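Since the model is a prediction, treat every value here as computed from it, not as a measurement. Just follow the structure's listing: the first ligand is 1, and inside any ligand the first atom is 1.
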Amino acid sequence: MTDTVTILGLESSCDDTAAAVVRHRPGAPPEILSSVVAGQTDLHAAFGGVVPEIAARAHTEKLDLCVEEALAEAGIELDGLDAIAVTAGPGLIGGVLAGVMLAKGLAAGTGLPLLGINHLAGHALTPRLTDGAAFPYLMLLVSGGHCQFLLVEGEDAFTRLGGTIDDAPGEAFDKTAKLLGLPQPGGPSVEAAAKAGDATRFKLPRPLLDRPGMDMSFSGLKTALLRERDKLVTRDGGLRQGARADLCAAFQAAVADVLAEKSRRALAAYLALEPATPVFAVAGGVSANMAIRAALETVAAEAGADFLAPPLALCTDNAAMIAWAGIERFRAGRRDDMTLAARPRWPLDDTAPAMLGSGKKGAKA
Ligand code: KG4
Ligand code: ZN
């Protein structure tokens with residue numbers, strides 16, 4: 001581990017097309033030389049969710065442009081790289097294939113090694129890119145497509161302690177916004193509306209808190225909210241602004257309560273390993289929510305763990321995390337070859353039971 005390693009990462013598993021160059025000199029913090037993300041929100045806006053065929057086509061059109069931009073911004077040519085890392089799953093198969101095919105082409109054309117990265121490993125290893133977190137740490141991945149607690153013990157050693165059995169919280173925020181006539185993405189608009197609301201006026205459930213373990217459920221919460229909304233509409237002939245704010249506040253508080261209590265349990269399981277410096281890290285778009293973030297921070301402090309939330313641009317989908325996971329994989333001596341497959345489902349922890357359902361952003365892993 002004496003050499004500097006520079007890797008190009010590609011990400012196209014959902015609705016963000018991304019390319020990034022990351023460099024690591026042993027003994028120094030990693031450097032993100034460039035991180036280009038081209039979103040597709042506009043393309044899918046009219047459909048109320050990500051349309052896989054549209055996403056795949058957009059990735060194919062934009063990936064090589066993102067790569068050119070990432071290389072130019074990093075001030076590097078292909079021959080200045082040590083390897084090409086690409087998200088090989090889990091995700092929408094058309095998008096993953098677009099990335100894997102481009103990465104194979106680049107690897108074949110340059111002779112550089114190819115590294116297939118699990119998208120979830122990219123998220124899970126981000127605290128090492130941003131803060132040099134030491135193994136083992138506890139990670140809560142909470143976004144529009146994922147929700148799981150991971151014990152991260154090595155670059156390829158993940159234990160899934162629990163996760164959602166239905167919707168991801170971001171998905172629940174998005175559906176809540178839709179039910180209440182607020183704009184997408186729902187997370188920020190529900191959070192903004194909740195600021196003026198009273199979280200105690202409506203009693204929404206805290207699903208699965210009465211059961212042991214770290215699994216979660218968010219689809220019932222949304223149904224309960226729908227029931228309250230319909231009662232209000234019948235009574236008042238529409239949804240008043242105050243009532244909408246109260247519903248948003250109640251929903252957000254319910255999600256925060258569930259995540260906080262399940263995090264408490266996950267932290268207890270993690271602390272049993274007696275880590276030297278306990279770290280509880282979060283990633284994913286929902287970790288941008290201030291109420292949720294504050295609740296998780298409190299739980300971490302009570303357990304005596306450091307709370308780590310990477311900058312938002314590195315919490316949401318990006319290719320710097322894929323390049324970094326590539327560096328970790330490269331340093332561990334792993335290499336893939338032209339037989340690298342694109343995998344729509346690819347759980348990080350093969351021993352964990354398979355998840356039910358398939359979210360709006362593709363397969364839940
Ligand atoms: O990580 P991300 O950008 O994409 C994936 O899902 O992979 O997360 C997006 C999700 C959306 O569902 C969005 O509504 C949610 O994160 N989100 C939030 C907030 N900002 C984004 N949820 C709650 N509060 C927020 N402030
Ligand atoms: Zn993601």
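A salt bridge links Glu261 with Arg264; the closest basic N to acidic carboxylate O contact falls under 4.0 Å.
The residue among Gly91, Gly285, Gly144 with a heavy atom at the shortest distance from atom 19 (C) of ligand 1 is Gly285.
The OD1 atom of Asp317 and the NE2 atom of His119 meet at the Zn ion (ligand 2) at an angle of about 90°, given to 10°.
For Gly170, a nitrogen or oxygen atom sits less than 3.5 Å from a nitrogen or oxygen atom of ligand 1, counting backbone and side chain alike. Residue-to-ligand polar distances keep Pro185 apart from ligand 1: every N/O pair is separated by 3.5 Å or more.
Using a distance-only test at 3.5 Å, with no hydrogens or angles considered, a donor-acceptor pair links the side chain of Asp215 to the main chain of Gly163. Asp82 places a side-chain N or O within donor-acceptor distance of the main-chain N or O of Thr6, the cut-off being under 3.5 Å.
Among the atoms of Cys14, no N, O or S atom falls under 2.8 Å of the Zn ion (ligand 2).
Figure legend: cation-pi geometry between Arg335 and Phe330, with NZ or CZ positioned under 6.0 Å from the six-membered ring centre and within 45° of its axis. Phe135 carries Arg128 over the face of its six-membered ring, with the cationic atom under 6.0 Å from the centre and within 45° of the normal.
Residue contacts with ligand 1 leave out Cys14, since none of its heavy atoms falls under 4.0 Å from the ligand.
Only the side chain of Asp174 comes within 4.0 Å of ligand 1, counting heavy atoms alone; its backbone N, CA, C and O stay farther away.
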